[in-house]
Amino acid sequence: MIEVRNASLVYDDHGRQVFACHDLTLELKDGEFLGILGPSGSGKSSLLYLMCGLKTPTSGEVAYRGRTLSSMSEDERAELRLRQFGFVFQYPYLLGYLSALENVLVGTPTNGEAKKSGISSPWTNGWATEPAARELLTGLGLGDKLHRMPFELSGGEKQRVCIARALLGGREVVFADEPTANLDHVNGVAVVETLVANRGSGSLVMVTHDPTMLEKADRVVTISDGRLAASL
Amino acid sequence: MRNPLAPTVFLLRNTSKTLPLIGVIVLAVMLIGGIVAIMDSIPLSIRTTYGYSKAYLGVSPRGNMAMTPILRHIVKTESPVPLGRVMTCRVSDCEVKSIVGPWRFAVIGLSQDDMSYYLDRLGGCTITGRLPLPGKAEALLSEPVARNLGKKLGDVFLGPTDSNNYSPNEVRVVGIAHMKPWVALAPIEYLEKYHFPPIDLLIVTAKDIRQQDKLDHWAYERLGGEMARTYTYFRLEIETADMFKILYTILNVVIALLVVVITLMMAMLMNIYQSQRLQEFGLLQALGYARKRLMRRVLSETALVVAGGWILGVVSAFLLMTVVKVLLMDPRAFMLDPFDRQAYLYSVPVPIAIFLAATWTIALRFRRFDPVGVVERRLV
Ligand SMILES: Nc1ncnc2c1ncn2[C@@H]1O[C@H](COP(=O)(O)OP(=O)(O)OP(=O)(O)O)[C@@H](O)[C@H]1O
Ligand SMILES: [Mg+2]
């Protein structure tokens, strides 16, 4: 579904070129759980940003269902992220002035917006995804905390809210960049399991430096110094 | 459930940020509106106090007091419009108060019949008390003049001990005319006998008051100059406008500076608030909210704040001016117009400038903004 072809991402570090990704080629298949493993600074995050269109490769290309991401407009890429991709970041970023439930809803377009941009939407009016969001949060054990503000939630609870935000509406791909890095092992495993169990038919791309988190992965690629080292 | 990203949601849940912004705009609008309204009240006072001249043409001879009959003849034979009355009058003066200090005000001496005509000409009125009797040391004041001077029926209006409102005898108020125009009338016989200068003046009315202005313009051209001096409303307007031209230029500069200062301050404040929201913008952009959308959202928030602040400011300014008018101005018949459109128009640049400044800072901020930097926590 997402094809990375000979993609490189070069940063300019005070005149010196830093290859965050070096000539990477990789394909993500429908419904697949892909693990990306590697030490710190190896380019894992960079690869993730390339795949989801947050970064544009310096050379090579990334295509989503045959369409090159760099040929899309910024708005189209944004729409794609909002509609088809879900994100879980290392830090559980939530908007401080919105409740858990509202934070989850932020991750999806309104029905009106979906219509305007020509995306077919199964939802009825407005934020009709609300029941789905409630259900999702309840499934993640936050049923009694729907209306809590972020400062009233623990780190693990916040991360679960982020997961609900990434999953709501049924995404084609969920990207997770070290979603467990800030959690203890038990919570970390729980988060991964939640992601795996709730992603439905979507793919999951998870970046981590902890191999034990990738036991359920369909495939794990290891990356070091921006190069693909192995595919297990 | 409402859209959590609706502009109102952010504004209502971040009142500690929203209220100071609105507060500054409200104060700015009140300040500017207040200054302009007070300034405007001066020419407004002139127009109101001397507004009686709208109803007639005044003519006084220059140099030679024997000219009056000749002037009367010219007016009667050459007037371009049918005339109402050509009245002979004597004029003395008194002092009225204004917010910029004392002003001289005409006490007009007329025959009793002319007095009635004069009051009718100014729109008519009911009188508490009565008209001054011929030759008596008596006066009739219209209600605003009485209020301005603090005079009631029976009070001494002019007197031998008051150098600003002098008359060799005590002239008492015997009538108060309930009307808007400012009027002070005394019997012509009394003024002829006791007051200088011994010059007869003419009060000329057009038969149709709508033609008064035409008569005034004609008289200004025909009689003005060496022969006579004319008193007309259109000249009052021109002279008032002239007098305040420089003042208004200064006012414009001051208000422009004020707008610049307030805008800079607000832009700085909003810039700080926006930089506190970088994480929010970065996150939303990463989640799939295009820059344009985020900008539109911030701009609608700003527009709401700015428009809300302006409307609140106008309402507050109006309330404040009404209070000032009722408590401070009305008791002395000073002019202040809480409905002064110009005052509110002058404050319009405030919200517009602030909105433009905000747009500019927001555009700059979003132009080079990398959400990856935010979610990677390199930028918080
Ligand atoms: N904005 C940037 N400017 C310059 N160099 C950068 C920039 N972002 C990343 N890099 C460099 O690119 C390389 C890969 O970074 P990346 O963030 O992809 O690593 P990572 O594998 O995700 O590491 P970690 O596990 O610590 O998150 C690193 O050497 C990093 O220093
Ligand atoms: Mg990383």
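Just so it is clear: chains get the letters A, B, ... in the order the sequence lines come, proteins before strands, and each one is counted from 1. Computed from a predicted model, the values in this text were never measured in an experiment.
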Hey, mind stepping through B/E301 and B/K17 against salt bridge (Lys or Arg N to Asp or Glu O under 4.0 Å) and telling me if it holds? CA-CA 12 Å; B/E301 285 168 13; B/K17 287 174 186 171; over 6 Å; no
Test ring-ring contact (aromatic ring centres under 6.0 Å, His included) on A/F85 and A/Y64 and set out the steps. CA-CA 11 Å; A/F85 297 168; A/Y64 165 79; 5.7 Å; yes
Name the option with the most non-hydrogen atom pairs under 4.5 Å to chain B; the candidates are A/E76, A/R81, A/K55, A/Q90.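 Most heavy-atom pairs within the cutoff with chain B belong to A/R81.
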Heavy-atom distance under 4.5 Å to chain B: side chain of [X], backbone, both or neither?
X      : value
A/F89  : side chain
A/D177 : side chain
A/R165 : side chain

Part of B/R277 within contact of chain A (heavy atom distance under 4.5 Å):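 It is the side chain, since no backbone atom gets that close.
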Contacting moiety of B/L287, where chain A heavy atoms sit under 4.5 Å: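 Both parts, heavy atoms under 4.5 Å.
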Would A/V205 and A/L48 count as a side-chain contact (heavy atoms from CB on, under 4.5 Å) here? Give the steps. CA-CA 8 Å; A/V205 181; A/L48 201 72; 3.6 Å; yes
Stepwise salt bridge (Lys or Arg N to Asp or Glu O under 4.0 Å) test for A/D30 and A/R65: CA-CA 10 Å; A/D30 277 316; A/R65 296 204 182 284; 3.1 Å; yes
Would you say the ring centers of B/Y344 and B/F318 fall short of 6.0 Å from each other?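 No, too far apart.
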